Each structure stands twice: as C-alpha cells, then as structure tokens.
Chemist: 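One structure coming up, written as structure tokens, with questions to follow.
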Amino acid sequence: MRPWQERWQAALKALEDLERTYSGWSDGPGDSKGWKIPIDFCNVCFHLMDWINKDPAVSPTVQSAVLKIRDQHAAIKLTGPTVMHVMSRP
C-alpha cells in the first residue's frame, strides 16, 4: 500500500463523519467538537494531496490535476498546517 492510500482511507472516514454530522446522525455542528468536523475533512484532503504530490510512483499528470483541484477549492487550500495550528488554540 502506498502511503497516500492510508490518507485516502482517512479522507473517506472524514467524509463519512462530515456526512453523518450534516445528515443529523450526530450532534452536529452545535456540539462541542462539531465545528471542527468540516475543518478536519478539509485538512485530511490537504494532506492527502500533499502525499500524492510527493509520491514518485504517481504520474506528473495526476499530480498536476491534484494541485489544480487544491487551488480551486479555497477551503482545502486554506486548511494547511498553519491554519490548523491557529484553529486548535484554546
């Protein structure tokens, strides 16, 4: 298994959490940690893209497509490590 494939599994789990939250299957954004669910999803996606772009087994065409997607989605682009560090402060 390539390292990015583990991140893919984390992205699927984060998507499931996001869908569950907004479908009413959990306490939703009003609970104490609900606000963090969409941020976590975008952060996992950001790191998945980073892993894909650093994997030499992934073609340059795919890597370019991943960067294009990242650059087109502000929420993913903005949830890099610096933003997550600021957001996690008490």
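In this text the structure is predicted, and so the values were computed from the model without any measurement.
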Chemist: To the nearest 0.5 Å, how far apart are CZ in Phe41 and CD in Glu19?
Modeler: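 Nearest 0.5 Å value for the CZ-CD distance: 8.5 Å.
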Chemist: Among residues at least two apart in sequence or on other chains, which ones pass side chain to side chain contact (heavy atoms under 4.5 Å, CB included) with Glu6?
Modeler: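 Checked Glu6 against side chain to side chain contact (heavy atoms under 4.5 Å, CB included); matches are Met1.
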Chemist: Using a 3.5 Å cut-off and no angle test, enumerate the donor-acceptor pairs between side-chain atoms of residues 67-76 and protein atoms at least two apart in sequence or in another chain.
Modeler:
from	atom 1	to	atom 2	distance (Å)
His73	ND1	Ile69	O	2.9

Chemist: Drop me the distance from Leu15's CG to Asp40's CG, to the nearest 0.5 angstrom.
Modeler: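 Here the rounded value is 13.0 Å.
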Chemist: List for me each residue that meets side-chain hydrogen bond (donor to acceptor under 3.5 Å, both in side chains) alongside Trp51, sequence neighbours excluded, and say none if there are none.
Modeler: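 By the side-chain hydrogen bond (donor to acceptor under 3.5 Å, both in side chains) rule, Trp51 matches no residue at all.
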Chemist: Do the side chains of Val44 and Tyr22 join up, straight or via other hydrophobic residues, at under 4.5 Å, putting them in one cluster?
Modeler: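 No, Val44 and Tyr22 fall in different hydrophobic clusters.
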Chemist: My understanding is that only residues two or more places apart in sequence, or in another chain, count here; which of them pass side-chain hydrogen bond (donor to acceptor under 3.5 Å, both in side chains) with Asp55?
Modeler: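 Counting only residues at least two positions away or on another chain, Asp55 forms a side-chain hydrogen bond (donor to acceptor under 3.5 Å, both in side chains) with Arg2, Trp4.
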Chemist: Sub-3.5 Å donor-acceptor pair from the side chain of Asn53 to the main-chain atoms of Met49, do we have one?
Modeler: yes
Chemist: Can you measure from CD1 (Ile37) to CG (Leu18) and round to the nearest 0.5 angstrom?
Modeler: 7.5 Å
Chemist: I'd like to check the side chain to side chain contact (heavy atoms under 4.5 Å, CB included) partners of Thr61; sequence neighbours left out, ordered by chain and number.
Modeler: Ser59
Chemist: Drop me the distance from Ile52's CD1 to His47's NE2, to the nearest 0.5 angstrom.
Modeler: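 Going from CD1 on Ile52 over to NE2 on His47, the span is 13.0 Å.
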Chemist: Salt bridge (Lys or Arg N to Asp or Glu O under 4.0 Å): which pairs involve residues 42-51, sequence neighbours left out?
Modeler: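 For residues 42-51: Asp50-Lys54.
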